[in-house]
Structures are given as structure tokens and as C-alpha cells.
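Report on the following structure.
Remember, it's a predicted structure, so these values are computed and weren't measured experimentally. Chain A is the first sequence line, chain B the second, and so forth, proteins listed ahead of strands; every chain is numbered from 1.
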Number of protein chains: 2
Amino acid sequence: MDNSSCSDQYWPESESHTSLSWALNFQDSPFLLPTNSCDVTSFQSSYFPTWSQQFEASASRSHSEAEKRRRDRINAQLSTLRKLIPRSEKMDKAALLRSVVDHVKDLKGRAKEISNVLNTPSDIDEVIIEEEEDSSNSIVVKVSLCCDDRPELFSELNRGLKNLKLTTVESNITSLGGRIKCIFALQSINNSVCTIHSLKQSLRVLLSRIVTSPSTSNFRIKSKRQRFFLPPT
Amino acid sequence: MDNSSCSDQYWPESESHTSLSWALNFQDSPFLLPTNSCDVTSFQSSYFPTWSQQFEASASRSHSEAEKRRRDRINAQLSTLRKLIPRSEKMDKAALLRSVVDHVKDLKGRAKEISNVLNTPSDIDEVIIEEEEDSSNSIVVKVSLCCDDRPELFSELNRGLKNLKLTTVESNITSLGGRIKCIFALQSINNSVCTIHSLKQSLRVLLSRIVTSPSTSNFRIKSKRQRFFLPPT
DNA sequence: CAGTACACGTGAACC
DNA sequence: TGGTTCACGTGTACT
């Protein structure tokens with residue numbers, strides 16, 4: 001379902017677990033242990049070669065190694081979090097995570113504060129064709145769209161609006177975090193051929209295509225950041 | 001140094017570790033174990049009462065209990081993080097933390113994008129008295145201050161400016177996340193008594209006092225969110 | 001019965 | 001010397 005959970009870029013070599021360290025570790029084990037002390041370096045090869053071979057192939061070894069990899073994966077993320085959170089160098093794991101929680105809450109709150117005031121793009125693709133006004137015999141349509149940002153978006157938009165014989169009399173464009181929100185007031189150049197209804201329909205087709213079409217450039221690939229704004233669940 | 005790291009509000013009762021569960025756990029231990037099976041519920045009291053009492057008072061018990069508390073503290077923070085990050089219900093710990101890293105990076109990036117465009121308040125207290133312009137015989141001073149937001153700030157500011165015989169001809173105020181940034185253009189009402197130099201000095205005293213003085217209301221106590229914007233290290 | 005993920009108790013290190 | 005944190009290998013459950 002979500003195999004990205006295993007694709008962490010950080011994979012440290014677990015070079016610390018030599019056969020020696022394993023042998024040392026198993027000295028604590030209550031079984032198979034000779035009571036007389038012996039040279040640890042030659043312990044495995046000279047005293048218990050068969051046991052060593054058995055252990056090399058045992059499930060216990062792979063189990064503990066897998067567990068070490070798991071721990072390393074978690075700790076790697078924790079240390080990158082530590083770099084992101086200021087003044088967290090000396091915190092223990094619980095305090096660090098608590099600080100991360102505070103940070104995320106704070107940042108989310110700020111983003112919400114801003115989006116309450118500004119026309120910040122949300123994570124939901126959106127096309128709104130809101131109202132039409134008559135100003136001195138010409139048709140004016142107010143339009144709002146929100147989608148992923150991409151370099152060729154405006155050329156597509158301009159080409160489409162040109163085809164519909166529309167000119168923009170007012171625009172408010174906000175691009176943020178790879179998302180873009182555009183609000184336009186569009187005026188029909190010659191209000192001869194098309195009715196308001198057909199104009200709005202054509203506009204809806206155009207804008208829906210622009211909003212849903214993927215980028216033809218490699219722009220989106222470069223921006224792999226996860227979106228923050230989400231539909232209220 | 002940082003005893004807040006131990007003051008997590010989440011303290012689950014470790015009710016799972018009864019004496020029974022401990023006895024059960026020690027059945028796996030290779031020592032002290034009778035080969036014949038016995039009633040587990042009466043195992044502790046009838047067979048090994050002295051060992052049980054020893055164990056109750058041993059350092060090993062408090063050690064493992066402390067370790068359990070530590071694990072619980074970490075896992076509590078992880079589960080609150082899970083609530084903050086969407087679509088993270090089925091992720092394992094490493095994937096969750098990776099998602100948190102992405103989120104924090106994304107949110108920080110957004111905040112930076114916004115602060116590049118807007119006059120967002122930073123985390124550094126700041127008083128700037130920038131330049132003075134002459135417009136038709138009166139003195140105009142441009143002023144910028146950034147500090148913690150609090151309800152009584154503007155009344156203090158207005159009172160101080162009134163005392164200096166200054167009126168605001170232009171203002172740009174941005175409040176975000178408990179911080180506030182104000183940019184004023186101030187005009188001297190009667191440019192008779194004071195020179196530009198003494199006016200600027202009086203202004204600096206006034207604004208520095210306002211920036212550094214703590215809130216007299218309980219406003220700051222309620223807003224305990226950690227600041228996000230920080231001085232570049 | 002592979003592989004994976006989590007909780008557990010323990011040894012070691014640091015105050 | 002207890003208290004606390006971390007890494008470790010293991011038991012266990014799920015797939």
C-alpha cells in the first residue's frame with residue numbers, strides 16, 4: 001500500500017556488528033559459555049567454530065540485524081529533525097519530539113493565519129466562475145482557479161483566453177509552495193457571437209483542462225515537497 | 001538545564017506490569033525456573049515468596065519501569081505527531097518521522113516564501129528609525145518595530161506618540177503568530193521645539209521601552225507557542 | 001516459516 | 001550512588 005515508508009534515503013552501513021562483537025555479546029549468555037577466560041579474538045575460531053557457523057546462518061542474527069536497521073532508520077529521521085528544530089541539540093528523544101510537535105502546530109497555525117488574510121492557494125484543485133457583471137455593454141466574468149504551479153501555465157492560460165476573445169481587466173495571483181491561486185476579472189473583447197452561458201461553459205472547459213493537466217516540463221518532478229494545506233477531514 | 005524535557009503532560013499509568021506479568025516474564029529466564037509446570041497465579045506467593053520480595057525492591061524493577069516510562073513518553077509524542085500529519089495512520093515509526101521531516105521543511109519553506117514578500121514579523125525584537133523626509137516644512141520620520149504582540153501595545157504606542165507630538169501619516173501593521181511588525185511614517189505636529197536629532201532619540205527611547213516591556217495582561221502566558229522565525233545562526 | 005514492526009528488559013554510560 | 005538516557009538482542013504478533 002505505502003511502500004514509500006521503506007524508501008528512506010539514509011541507509012547507514014551496519015559495520016559495527018562484526019563476528020567479534022557478536023561473540024562478545026554472547027559471553028553474557030548463560031549457556032554455552034566456558035567458565036575459564038579465553039582470548040576473545042581467537043574465541044570464535046578455535047574454541048567454537050561450529051557454533052559460530054551455526055550462528056552466522058541463524059535466524060537470530062538476521063533478526064537482530066534487521067532490528068538494528070530499523071533503529072537506525074528511526075534515529076536517522078530523528079537526527080534530521082534535530083537539525084531542523086533550533087536549540088534541540090541537547091534534548092533527549094522525547095523532548096525533541098515534543099518540540100517538533102510544538103513546531104508543527106505553530107507553523108500550521110501561522111499558515112492558517114496567513115491563509116485567513118491572503119488568497120493563499122490551498123491543496124484542493126478548484127475552478128470557480130463566480131459572477132458576471134455588465135460594465136458599459138461588455139461582459140465581465142470573475143474567475144478563480146487553484147492548482148499546481150508550473151512554468152507553462154500562463155502561456156496555456158493566455159492562449160486559451162485569447163481564443164475565447166477574453167482580456168484580463170484585473171488579476172490577483174499568489175504562488176506558494178508549488179501551488180498557485182489566480183483570480184481574474186475577464187472581459188469579452190467583442191460581445192457579439194457568444195451568450196454569457198456559452199462563454200462560462202467554454203471558460204469552465206478551458207480552466208478545468210489547465211487545472212487538471214500535468215506539467216509538460218520536469219518542473220513537478222523537481223518539487224516533491226508534500227503539500228501542507230489539505231481538505232478538512 | 002532543561003527540565004522541561006521531563007514535564008510532558010502525558011503520563012500514562014503503567015498498569016500493565018502486575019506482579020503476575022513479571023512472574024510470567026521470568027518464566028522464560030533460564031535460571032530459577034522449576035521444570036515442572038505450576039499454577040502461575042500462585043507461583044509468586046507460594047513457591048518463591050522471598051525472590052518476589054527481593055525483586056519488588058530490586059533496582060532491576062525500577063530500571064525497567066523507568067525505561068517503560070521513557071518509551072511511553074516517546075510514543076505519546078509520536079502519536080500526537082501522527083494526529084498532526086495527514087495520512088500517517090498506517091505508517092510505521094520511521095515513515096511517520098520522515099513525513100514529519102517533509103512537513104516541517106515544507107512549512108518552513110512556505111513561511112520563508114511569505115516573509116520574502118510580506119512584512120512578516122521575525123523573532124528578533126527590532127527598532128529601526130530609518131530616515132527623515134521633509135514634506136512641506138514638517139518633519140516626517142519612518143519607523144519600524146518588531147516585538148511580541150500584546151493587547152495594550154497600541155495604547156502605549158499612541159500615548160507615547162501623542163506625548164512626542166507625533167501623528168501617523170502612514171502605517172503598515174502585520175501580526176502573526178503572537179509577533180507583530182509595525183511600520184509607521186510619523187509627522188511632527190508642531191516642528192517648533194525639538195530638533196530632528198532629539199526627536200529621533202526620544203522616539204528610540206519610547207519604542208525600545210515598548211518593544212522590551214513585558215505584557216501587563218495575561219496575554220503572553222496564554223500564548224506559549226514557540227516562535228518559528230529565528231536569527232540566522 | 002520467510003520478513004517486518006513493536007514492546008520489552010538489560011548493560012553501559014553519563015550525570 | 002541512584003536516576004536517566006540510549007543501544008541492544010529478544011519475544012511476539014502480523015502478514
* For the side chain of His63(B) and the base of dG2(D), is some donor closer than 3.5 Å to an acceptor across the two? -> no
*asked:* Check this one for me: any side-chain N or O of Arg70(A) less than 4.0 Å away from OP1 or OP2 of dT4(C)?
replied: no
When you check the phosphate oxygens OP1 and OP2 of dT5(D), does a side-chain N or O of Lys90(A) lie under 4.0 Å from one of them? no
From CG of Asp72(A) across to P of dA5(C) the rounded distance in Å is 13 Å
Rounded to whole Å, the CD1-C1' distance (Ile74(A) to dC8(D)) equals 13 Å
Sorted by chain and number, sequence neighbours left out, side-chain contact (heavy atoms from CB on, under 4.5 Å) with Ser88(A) holds for Arg82(A), Ile85(A), Met91(A), Leu96(A)
Can you tell me if Arg73(B) touches the phosphate of dT5(D), counting only side-chain N or O atoms and a distance under 4.0 Å to OP1 or OP2? yes
Taken to the nearest whole Å, CD/Glu65(B) to C1'/dG9(C) is 12 Å
*Is Lys68(B) near enough to dG9(C) that one of its side-chain N or O atoms lies under 4.0 angstrom from OP1 or OP2?*
no
Would you sort out whether Arg159(B) and Glu152(B) count as a salt bridge (charged side-chain N to carboxylate O under 4.0 Å, His left out), showing the intermediate values? CA-CA 11 Å; Arg159(B) 207 179 321 126; Glu152(B) 67 275 17; over 6 Å; no
Rounded to whole Å, the CD-P distance (Gln77(A) to dA5(C)) equals 13 Å
Rounded to whole Å, CG of Leu78(A) lies from P of dC6(D) at a distance of 9 Å
When rounded to whole Å, the CG to C1' distance for the pair Leu96(B) and dA5(C) reads 14 Å
| message | Could you tell me if Asn172(A) and Lys181(A) have a donor-acceptor pair between their side chains, going purely by distance under 3.5 Å? | response | no
Among dA7(C), dA7(D), dT10(C), the one nearest any side-chain atom of Ser64(B) is dT10(C)
*Is any N or O donor-acceptor pair between the side chain of Glu67(B) and the base of dC6(D) shorter than 3.5 Å?*
yes
- Query: Under 4.0 Å between a side-chain N/O of Asn75(A) and OP1 or OP2 of dA7(D), yes or no?
  - Reply: yes
Could Arg179(B) and Asp125(B) be called an ion pair, given the rule that one side-chain N must be under 4.0 Å from one carboxylate O? yes
Between CE of Met91(B) and P of dT4(C) the distance, given in whole Å, is 18 Å
Checklist entry - Reckon Ser60(A) has a side-chain N or O less than 4.0 Å from the OP1 or OP2 of dT10(D)? => result yes
Margin query: Any donor-acceptor pair, under 3.5 Å, between the side chain of Arg71(A) and the base of dG9(D), if you only look at N and O atoms?
Written below: yes
Atom CZ of Arg61(B) and atom P of dT4(D) are separated, to the nearest Å, by 16 Å
Residues at least two apart in sequence or cross-chain that pass salt bridge (charged side-chain N to carboxylate O under 4.0 Å, His left out) with Arg70(B), listed by chain then number, are Glu67(B)
According to a strict under-4.0 Å criterion, is Ser62(B) in side-chain N/O contact with OP1 or OP2 of dG2(D)?
no
